[in-house]
Amino acid sequence: MEEDIKREDLDYVYREIELPLIPIIARMEKVGIKIDKEYLSNLSKEYHSDLEKIEKEIWKYGGREFNINSPKQLAEILFDEIKIGEVDGKSLGIKMKKTSGGARSTKESELEKLRSLHPIIDKILEHRELQKLLSTYIDTIPNSIGVDGRLHASFLQYGTTTGRFSSNNPNLQNIPTKTERGKRIRNAFIAEDGYVLASLALLSQDSYFIKTFQDRRDIHSAVAMKVFNVAEEDVTADMRRRAKVINFGILYGMGVTALSQNLGSNRKDAQIFYDNYFKQFPTIAHYLESIKTFAREHKYTRTLFGRKRYFPSINSPLPFMRAMAERMATNAPIQGTATADIIKIGMNKVEVELEKEGMLESVRMVLQVHDELVYEIRQKDLEKAKRIIENGMINAIPSEFIKDMTPVPLEVSMGFGKNWGELK
DNA sequence: CGCATACGCGCC
DNA sequence: AAACGGCGCGTTTGCG
């Protein structure tokens, strides 16, 4: 494949990023991460007890016992037996989506529409949450623990089209963070005695954006100020949340319909947000357009460091195929630069420095979650380790790749603690 | 019985 | 009717 790599100009990505990373990932997999089995066992008991209570309530509301985990049976109960969404046989006209297979969807965003009509809905959603946490994490992770008491997942360097890692057996890149019940699972990921866990996260990167970063202000709040036309002190938590949706969604090609659903607003308002966004950030609109133009001509895109992804259907006569390819083409260099190239280079740099200092035993990388690295560090080496890790990541971008660009500091944040759930 | 698919949902 | 990007995996269901 040497010739292919040369012909495709992938030399830097291959030799400077991916190759040196192989033994580093091998070591991370071999080291694994310590799990508090007893903590998970206690959590399991608590959540199973909650689950059973909720199950009985759902059956009571439903009028009979049925398998709540079956979307098919659930739809029968909700729509054929309780007839939620109808009054005296007349439909209330709530538009419920169908699944790709034509069945009545029971996914969360659909059930939300029925929330105020029947108390069973809240119970079903709570049941779903508990069932998910138990079956995917709490009752399953312990089965993967090795004789050394540690979990050795796989991290696949070739696992994605954008250059990110993927993780499996088990997947340690989707451990819950969102809900209170979910967060508690992270407490089960612990440090060895005499060690602490440290997490390093990359903070995200137009002139307004760059200025915001240089001033070390919050990017989503800054965008909220612009799109809602308010002063910094008048940005509410809800405005910030909406701005964040806009930031990520629009960047990845979200349409006005999806935007309105995400914001919980009507289409007209969503269209106003959408137009206002690109009016306020014309350089972003221009950047996204230039990626598409390049992709249409060359059938591929590249990240900042040259990682390549092909889009054979970018000029398809089918509008949907074409639009899909355009979204993937604009996403690939953004996602790939930030959460593949940069963090991979940083991982290499940190490891080189640790090896130089003879610290590979006392500082071990244990997890990678796209923009986050988790290290297990011997307590007494913490200060020095912190400097090395932070420096390696902050200096990840070699200057020759950004010589024509406005300098933007690569910001990181670090937290420390005895488990993954409470890193401060 | 094993396998593939549909559905749903966890993360960044 | 009309799809923001990238993943892995659990349970259910139907098929060979």
Side-chain angles (χ1 to χ4, degrees), chain A residues 66-75 95 97-111 124-125 127-141 143-144 153-156 158-179 181-183 185-186 201-204 244-263 270 274 277 288 291 301 309 311 318-340 343 367-373 420:
Chain A
F66 66 101
N67 187 346
I68 303 164
N69 294 325
S70 163
K72 194 176 167 206
Q73 293 181 35
L74 181 60
K95 288 193 198 105
K97 283 219 170 81
K98 297 287 183 71
T99 69
S100 54
R104 294 164 294 190
S105 174
T106 67
K107 64 171 155 179
E108 185 173 352
S109 59
E110 291 306 298
L111 294 184
I124 289 165
L125 294 176
H127 186 279
R128 284 250 176 94
E129 181 193 358
L130 285 163
Q131 170 68 22
K132 179 83 176 178
L133 297 177
L134 284 165
S135 67
T136 307
Y137 306 103
I138 299 167
D139 289 339
T140 305
I141 282 176
N143 300 327
S144 306
S154 295
F155 289 84
L156 305 188
Y158 48 85
T160 68
T161 53
T162 56
R164 276 187 176 182
F165 277 95
S166 70
S167 164
N168 65 14
N169 302 313
N171 183 358
L172 294 186
Q173 292 181 321
N174 71 345
I175 305 299
T177 57
K178 238 179 70 190
T179 66
R181 279 188 174 120
K183 276 183 199 166
I185 295 173
R186 293 202 166 209
L202 292 174
L203 303 180
S204 29
K244 191 171 171 181
V245 170
I246 298 175
N247 272 335
F248 285 106
I250 290 184
L251 204 50
Y252 296 151
M254 184 163 53
V256 173
T257 309
L259 184 68
S260 70
Q261 280 168 16
N262 270 294
L263 291 172
Y274 190 89
Y277 186 89
L288 295 175
I291 294 176
T301 61
R309 179 176 175 189
F311 301 95
L318 302 173
F320 174 71
M321 291 286 289
R322 208 170 54 233
M324 170 93 90
E326 286 177 357
R327 291 194 298 271
M328 295 189 296
T330 47
N331 172 269
I334 300 169
Q335 182 185 122
T337 301
T339 63
I343 196 160
L367 295 174
Q368 197 264 22
V369 193
H370 310 305
D371 66 349
E372 174 186 12
L373 293 171
W420 198 13

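What you see below is based on every heavy atom in this structure, not just the backbone, and it leaves out hydrogens, waters and symmetry mates. From a predicted model like this one, the values you see are computed outputs, not experimental measurements. Below, chains carry the letters A, B, ... as their sequence lines are ordered, and counting in each starts from 1.
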| said: As a test of reading the structure: which of B:dC11, C:dG5, B:dC7 is closest to the side chain of A:Arg186, going by heavy atoms? | reply: B:dC11
| query | If we call it a pair only when both distances are under 3.5 Å in a Watson-Crick or G-U wobble match, what pairs with C:dA2? | reply | none
| At under 4.0 Å between heavy atoms, what does A:Gln131 touch on the DNA or RNA strands: base, sugar-phosphate, or nothing? | sugar-phosphate
| message | Applying a 4.0 Å non-hydrogen cut-off, can you work out what A:Lys107 is touching in the nucleic acid: base, sugar-phosphate, or nothing? | response | sugar-phosphate
| remark: Across every strand shown, the nucleotide meeting Watson-Crick or G-U wobble geometry with C:dT13 (both distances under 3.5 Å) is B:dA4
| said: Please report the distance, rounded to the nearest Å, between CG in A:Asn171 and P in B:dC9. | reply: 17 Å
| request: Take the protein atom NZ of A:Lys72 and the nucleotide atom P of B:dC7, then report the distance between them rounded to whole Å. | output: 11 Å
| note | In whole angstroms, the gap separating P of C:dG8 from CG of A:Leu156 amounts to 7 Å
| field | Rounded distance (Å) that lies between atom C1' of C:dG6 and atom CZ of A:Arg309 | value | 8 Å
| task | Whole angstrom is fine here: how far is it from CG in A:Leu133 over to P in B:dG8? | result | 18 Å
| task | Considering just the side-chain nitrogens and oxygens of A:Thr161, establish if one lies under 4.0 Å of OP1 or OP2 belonging to C:dC7. | result | yes
| message | Using only atom types and a distance under 3.5 Å, with no angle test, would you say the side chain of A:Gln73 pairs donor to acceptor with the backbone of A:Ile68? | response | no
| request: Please report, rounded to the nearest Å, how far the C1' atom of B:dG10 is from the CD1 atom of A:Ile185. | output: 9 Å
| field | Touch class at under 4.0 angstrom, heavy-atom based, for A:Thr339 against every strand present | value | nothing
| Among B:dG10, C:dT11, C:dG5, which is the nearest nucleotide to the side chain of A:Ser135? | C:dT11
| At under 4.0 Å between heavy atoms, what does A:Gln73 touch on the DNA or RNA strands: base, sugar-phosphate, or nothing? | sugar-phosphate
| Does B:dG10 have OP1 or OP2 sitting under 4.0 Å from an N or O in the side chain of A:Thr136? | no
| Qualifying residue, where the test is side chain to side chain donor-acceptor pair (under 3.5 Å) with A:Thr339 and the options are A:Gln368, A:His370, A:Arg164, A:Glu372 | A:Arg164
| task | Begin with the C-alpha distance, continue with both residues' side-chain angles, and end with the deciding distance and a verdict on side chain to side chain donor-acceptor pair (under 3.5 Å) for A:Glu110 and A:Ser105. | result | CA-CA 7 Å; A:Glu110 291 306 298; A:Ser105 174; 5.6 Å; no
| Whole-Å distance between C:dG6 P and A:Gln368 CD? | 18 Å
| query | Rounded to whole angstroms, how far apart are NZ on A:Lys98 and P on C:dA2? | reply | 13 Å
| request: Working to the nearest 0.5 Å, report the span between CG of A:Asn171 and OG1 of A:Thr140. | output: 12.5 Å
| task | Identify, between A:Tyr137 and A:Lys97, the residue whose nearest nucleotide on DNA chain C lies closer to the 5' end. | result | A:Lys97
| query | With a 4.0 Å cut-off on heavy atoms, is A:Thr330 in touch with a base, just the backbone sugar-phosphate, or nothing at all? | reply | nothing
| Contact class for A:Gly249 (heavy atom, under 4.0 Å): base, sugar-phosphate, or nothing? | base
| task | Spell out, as yes or no, whether a donor-acceptor pair under 3.5 Å connects the side chain of A:Tyr137 to the backbone of A:Asn174. | result | yes
| B:dC9 base to A:Arg128 side chain: any donor-acceptor pair below 3.5 Å? | no
| Distance between the P atoms of B:dG10 and C:dA3, in whole angstroms? | 24 Å
| task | Select one nucleotide: of C:dG5, B:dC12, B:dG10, the one nearest the side-chain heavy atoms of A:Asn331. | result | C:dG5
| Under 3.5 Å, is there a donor-acceptor pair between the side chain of A:Arg186 and the main chain of A:Pro176? | yes
| task | Return the minimal non-hydrogen interatomic distance between A:Glu129 and A:Arg181, and the atom names on each side. | result | OE2-CB, 3.5 Å
| said: Looking at B:dC12, I'd like to know if its phosphate oxygens (OP1 or OP2) sit under 4.0 Å from a side-chain N or O belonging to A:Thr177. | reply: yes
| task | Tell me whether the OP1 or OP2 atom of C:dG6 has a side-chain N or O from A:Thr162 closer than 4.0 Å. | result | no
| request: With heavy atoms under 4.0 Å as the rule, sort A:Arg327 into base, sugar-phosphate or nothing. | output: sugar-phosphate
